[in-house]
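Just so you know, ligand 1 is whichever comes first in the structure, and atom 1 is the first atom listed for that ligand.
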Amino acid sequence: MLYPLFKKFAFKVDAEVAHELTIKSMGLLGPWVKPKASDSRFKLKAMGLSFQSPIGLAAGLDKNAEAINFLTYLPFSFVEVGTVTPLPQAGNPKPRLWRYPKEESLRNCMGFNNLGMEQVYKNILNSNHRNKILGVNLGKNKLTTNENAPKDYACLYEKFAPIADYLVINVSSPNTPGLRDLLKDEGLRELFVAVDEKRKNCPKPLLVKVSPDMNVEELTSVVTLVKEFKLSGIIATNTTIMADRGIGGISGKLLSAKAQYTRNVLLDQLKETRDIELIGVGGFSSYEEILDFWKSGGRLVQLYSAFVFQGPNLLFAIEKQLAADMKKVGAESFDDFQSSLN
Ligand SMILES: Cc1cc2nc3c(=O)[nH]c(=O)nc-3n(C[C@H](O)[C@H](O)[C@H](O)COP(=O)(O)O)c2cc1C
């Protein structure tokens, strides 16, 4: 209810200043808020984990795990923190975050600004994620060469696996020079080999996040490796490059078509492999779009830009419409509901 008022103020100041203020306020409010339980019929199992609903928060909003208490108070069943790198880094020079309010889209070239793994680890330990699922999104430092990148990801996995519910290898951000080269066959294989060594000691669901700028051949080679290394899933997608808009990655409605295309290619390739989850993210701004994803066979969804533009009301609206649709078809569980969509 307070969000429209908050937005009126926040959208008057620089986008990154507003973002920082929001995270700080969430951090302060966190300990005082009590979570509201989602409708128990929304529950689903994925990657061996029990989710209270299919709706989660995408990486990049709470990069340093400073607002977990507040974010898990909202109807997000899972929250992904990060991207975290081994060493702290400042990211790219400012300004590096822009809004397109009419198009409900953002452009950012943050460049993995974060406090580094030691501080983020402490922040997670000092937070309470209230039985909700916590993901940690991992990235290499800018100064780490691609040749040495496997070491960064392996050490991040080792650090966070004991305290995370799932982990994500992020090699799809457009804002770290050369990072997306690691999505190519050999680079990704070396990363998976290095992380696999650490997975043996502490097995946790592991996913890879892909870019909406990959072609079908590139996506196919990721799927092949994901199967070979028995990853738990793929997150699709990160932001897209639209050179005519300027540097950085575009998210929100402007990304929607590309992200949806990428997800459909992946869903088609994964349809025989039920144990590999596809987490959908990128351009979702309404219940109807999420429903389309569920109709195509996807289940878990993450939001970012639409949450910035519409606030928590979007989450309440999604839950309300899902409950109404489930009632209409007499579904007692999310799986029942999804079966009724086909
Ligand atoms: C300001 C900003 C920062 C982001 N930072 C990260 C990040 O650190 N790691 C990551 O994997 N994705 C990051 N993302 C991408 C989002 O997680 C998401 O994949 C993307 O925004 C598409 O979803 P949306 O259209 O719902 O915003 C960032 C997005 C934005 C707008």
Side-chain angles (χ1 to χ4, degrees), residues 14-20 22-23 55-65 71 76 78-85 89 91-92 94-100 103-116 120 135-142 153 156 166-176 179-180 182-183 207-213 234-242 245 247-260 262-263 278-286 289-290 293 300-311 314-315 318:
D14 167 76
E16 189 169 347
V17 173
H19 175 90
E20 278 167 10
T22 308
I23 293 293
I55 308 298
L57 175 72
L61 194 114
D62 189 12
K63 285 179 186 280
N64 295 313
L71 291 166
F76 285 123
F78 61 117
V79 167
E80 192 173 308
V81 298
T83 294
V84 53
T85 55
Q89 62 179 31
N92 292 322
K94 295 177 187 175
R96 53 191 181 178
L97 178 59
W98 299 267
R99 305 182 187 103
Y100 300 102
E103 289 152 314
E104 277 196 24
S105 298
L106 298 167
R107 175 163 59 88
N108 89 86
C109 62
M110 308 295 285
F112 290 170
N113 54 309
N114 77 104
L115 299 173
V120 174
V136 182
N137 183 301
L138 317 174
K140 76 168 190 74
N141 276 113
K142 185 177 178 181
Y153 287 92
L156 288 162
Y166 73 86
L167 298 111
V168 183
I169 294 180
N170 178 15
V171 277
S172 51
S173 161
N175 301 317
T176 296
L179 186 76
R180 285 179 168 193
L182 293 170
L183 273 168
L207 300 96
V208 61
K209 185 163 178 179
V210 298
S211 142
D213 303 321
I234 300 177
I235 302 190
T237 67
N238 215 312
T239 55
T240 184
I241 293 170
M242 290 173 102
R245 299 268 171 169
I247 51 164
I250 298 275
S251 57
K253 285 188 179 174
L254 287 169
L255 160 68
S256 179
K258 268 194 200 174
Q260 191 183 17
T262 307
R263 286 192 289 268
L278 181 84
I279 301 186
V281 55
F284 290 115
S285 61
S286 66
E289 284 157 328
I290 296 173
F293 178 64
L300 295 172
V301 166
Q302 291 178 326
L303 303 170
Y304 190 138
S305 302
F307 177 63
V308 170
F309 288 100
Q310 300 180 40
L314 172 67
L315 309 177
I318 292 169

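The ligand atoms of ligand 1 that sit less than 4.0 angstrom from a heavy atom of A58 are 17 (O). For ligand 1, the atoms sitting less than 4.0 Å from at least one non-hydrogen atom of K209 are 10 (C), 11 (O), 12 (N), 15 (C), 16 (C), 17 (O), 18 (C), 19 (O), numbered in the order shown with element in parentheses. Near T83, meaning under 4.0 Å from one of its heavy atoms, ligand 1 places the atoms 7 (C), 8 (O), 9 (N), 10 (C), 11 (O). Contact atoms of ligand 1 toward L97: 1 (C) (distance under 4.0 Å to a heavy atom of the residue). Less than 4.0 angstrom separates some heavy atom of G283 from each of these atoms of ligand 1: 24 (P), 25 (O), 26 (O). Listed by number with element, the atoms of ligand 1 under 4.0 Å from a non-hydrogen atom of K63 are 5 (N), 6 (C), 7 (C), 8 (O). Near L106, meaning under 4.0 Å from one of its heavy atoms, ligand 1 places the atoms 31 (C). The distance from ligand 1 to the heavy atoms of N170 drops below 4.0 Å at these ligand atoms: 9 (N), 10 (C), 11 (O).
Looking from atom 31 (C) of ligand 1 to the surrounding protein, the closest heavy atom is S251 OG, 3.5 Å. Nearest protein heavy-atom neighbour of atom 26 (O) of ligand 1: Y304 N, 3.2 Å. At the shortest separation from atom 15 (C) of ligand 1 among protein heavy atoms lies N238 OD1, 3.5 Å. Closest protein heavy atom to atom 27 (O) of ligand 1: S305 OG, 2.6 Å. Given atom 13 (C) of ligand 1, the protein heavy atom at minimum distance is A59 O, 3.4 Å. With hydrogens left out, the protein atom closest to atom 6 (C) of ligand 1 is G60 CA, 3.4 Å, a heavy atom.
At least one heavy atom of G282 sits closer than 4.0 Å to an atom of ligand 1. For the pair G252 and ligand 1, a heavy-atom separation below 4.0 Å is found. The shortest separation from a heavy atom of T237 to ligand 1 is under 4.0 Å, placing the residue in contact.
Of the listed residues (L314, V281, L57, L61), just one forms a side chain to side chain contact (heavy atoms under 4.5 Å, CB included) with L303, and that residue is L314.
Between the R96 side chain and the G111 main chain, no donor and acceptor come within less than 3.5 Å of each other. A donor-acceptor pair under 3.5 Å is absent between the side-chain atoms of N170 and the main chain of T83, judged by distance alone. Side-chain atoms of Y304 never come within 3.5 Å of backbone atoms of A59 as a donor-acceptor pair (strictly under, hydrogens ignored).
Using a 4.0 Å cut-off between heavy atoms, N137 contacts ligand 1 through its side chain alone, with no backbone atom that close.
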Next on the checklist: What verdict does the side chain to side chain contact (heavy atoms under 4.5 Å, CB included) test give for L106 and F309, after you've listed the backbone C-alpha separation in whole Å, the side-chain angles of each residue and the deciding distance to 0.1 Å?
Outcome noted: CA-CA 10 Å; L106 298 167; F309 288 100; 3.9 Å; yes

Item to check | Stepwise side chain to side chain donor-acceptor pair (under 3.5 Å) check, N238 with S173 | outcome: CA-CA 6 Å; N238 215 312; S173 161; 5.4 Å; no

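With values rounded to the nearest 0.5 angstrom, W98 atom CH2 is found 4.5 Å from I247 atom CD1. For the atom pair CD1 of I169 and OH of Y153, the computed distance is 7.5 Å after rounding to the nearest 0.5 Å.
Evaluated by nearest non-hydrogen atom to atom 30 (C) of ligand 1, the leading choice among L57, I235, N108 is N108. Among N175, L255, T240, the residue whose heavy atom lies closest to atom 22 (C) of ligand 1 is L255.
Using a 4.5 Å heavy-atom threshold, the side chains of V168 and I279 count as separate.
With sequence neighbours excluded, the residues forming a side chain to side chain donor-acceptor pair (under 3.5 Å) with Q310 are E104, listed by chain and number. When the side chain to side chain donor-acceptor pair (under 3.5 Å) test is applied to T239, no partner is found at least two apart in sequence or on another chain.
Of all heavy-atom pairs spanning S256 and E289, the tightest one is OG-OE2, 4.2 Å.
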